[in-house]
Amino acid sequence: MPNRADQRELAREKLLDAAGRGFRREGFGGIGVDGLAKEAGVTSGAFYGYFKSKREAFATAAVAGLEALRDAVGRLQSEQGERWLDVFIDFYFEERLTCDLDESCALQSMTPDVMRADEATKVQYESALKEVAESIADGLGDGSIESRMEAAWALLALLSGGVTMARSTATDALRKDLSAQLKHAARTMTETIRD
């Protein structure tokens with residue numbers, strides 16, 4: 001039987017997961033504490049038992065989203081070997097482009113709100129973002145760390161900006177065209193590092 005501390009941690013994780021979904025779908029300004037609590041199936045009072053403010057919940061959810069991305073990159077590298085990057089690019093420009101917003105990647109869905117956030121949130125997000133870039137760079141072959149980090153940052157920007165732009169279009173035809181072109185650009189950009 002789980003002890004009280006374990007139950008509290010499970011409840012916090014459930015609330016954090018729900019907050020992440022709510023923030024990705026609605027944006028920071030589009031959902032309040034009541035909506036976040038409802039998303040998790042708890043009261044607003046219970047929300048404040050785990051987070052001091054909506055801002056704290058947002059920062060925690062944004063960082064958790066990047067940690068999930070970092071972990072996914074590591075799993076792909078481990079499971080797919082040399083194919084990991086192609087699988088990752090395809091996944092990002094297919095699944096992350098078409099999934100419901102509440103299941104989208106924090107990188108593309110929460111970054112616009114982070115740039116409007118307070119300094120403490122930006123510091124936390126920056127640290128997690130660097131870890132994602134380093135994880136990507138680790139899987140980019142034997143080039144210098146500088147060239148691998150440059151490619152990792154460029155790839156993250158292309159993935160995040162590309163999916164954000166494609167999601168903002170009204171037609172499936174343009175969305176598919178952007179996806180194909182951006183996949184090609186991502187592969188071309190990283191080919192010299194991988195060779």
Between [Y] and [X], is there a side-chain heavy-atom distance shorter than 4.5 Å?
X	Y	result
Phe47	Asp34	no
Phe28	Val114	no
Gln77	Ser135	yes
Arg96	Phe91	yes
Ser104	Gln108	yes
Leu182	Met165	no
Phe51	Val33	no
Trp84	Ile136	yes

Say you draw a straight line from [atom1] of [X] to [atom2] of [Y]; how long is it, rounded to the nearest 0.5 Å?
X	Y	atom1	atom2	value
Thr60	Leu15	OG1	CG	10.0 Å
Leu155	Leu140	CG	CG	7.5 Å
Leu66	Thr111	CG	OG1	6.5 Å
Arg70	Leu107	CZ	CG	14.0 Å
Thr121	Met110	OG1	CE	10.0 Å
Glu131	Leu129	CD	CG	10.0 Å

Heavy-atom closest pair, residues [X] and [Y]:
X	Y	answer
Arg24	Asp102	NH2-O, 2.7 Å
Ala57	Leu16	O-CD1, 4.3 Å
Lys54	Leu36	CG-CD1, 4.1 Å
Ala137	Ala152	N-CB, 3.9 Å
Ala186	Ile89	CB-CD1, 3.7 Å
Leu97	Ala166	CD1-CB, 3.4 Å

Could you tell me whether a side-chain N or O of [X] sits under 3.5 Å from a main-chain N or O of [Y], the two making a donor and an acceptor?
X	Y	value
Thr169	Leu174	no
Ser168	Thr164	yes
Ser78	Gly74	no
Ser147	Gly143	no
Glu26	Gly22	no

Hey, is [X] close enough to [Y] for a salt bridge, meaning N to O under 4.0 Å?
X	Y	value
Arg25	Glu39	yes
Lys183	Glu94	yes
Glu126	Lys130	yes
Arg175	Asp172	yes
Asp90	Arg187	yes

So with a 6.0 Å cut-off around NZ of Lys122, is the heavy-atom count from everything else above 12? yes
Would the number of heavy atoms belonging to other residues, nucleotides or ligands and lying under 6.0 Å from CD of Gln124 be above 12?
-> yes
Taking a hydrophobic cluster as the set of Ile, Leu, Val, Met, Phe, Trp and Tyr residues connected by side-chain heavy atoms closer than 4.5 Å, whether directly or through intermediates, do [X] and [Y] fall within one such cluster?
X	Y	answer
Leu101	Leu69	no
Val87	Leu156	yes
Met189	Leu159	yes

| task | Please report the C-alpha distance between Cys105 and Val163 in whole Å, then the side-chain angles of each, then the deciding distance to 0.1 Å, and finally whether the side chain to side chain contact (heavy atoms under 4.5 Å, CB included) criterion is met. | result | CA-CA 10 Å; Cys105 180; Val163 169; over 6 Å; no
Report task. Would you please classify the geometry between the Tyr92 ring and the Phe88 ring as parallel, tilted or perpendicular, with 30° and 60° separating the classes? Result -> perpendicular
Using 30° and 60° as the class limits, which term best fits the ring planes of Phe58 and Phe23: parallel, tilted or perpendicular? perpendicular
Original post:
Taking it one step at a time, do Lys52 and Tyr48 satisfy side chain to side chain contact (heavy atoms under 4.5 Å, CB included)?
Top reply: CA-CA 6 Å; Lys52 291 183 244 176; Tyr48 286 115; over 6 Å; no
Could you check Val42 against Tyr50 for side chain to side chain contact (heavy atoms under 4.5 Å, CB included), going step by step and ending with a plain yes or no? CA-CA 11 Å; Val42 300; Tyr50 295 95; over 6 Å; no
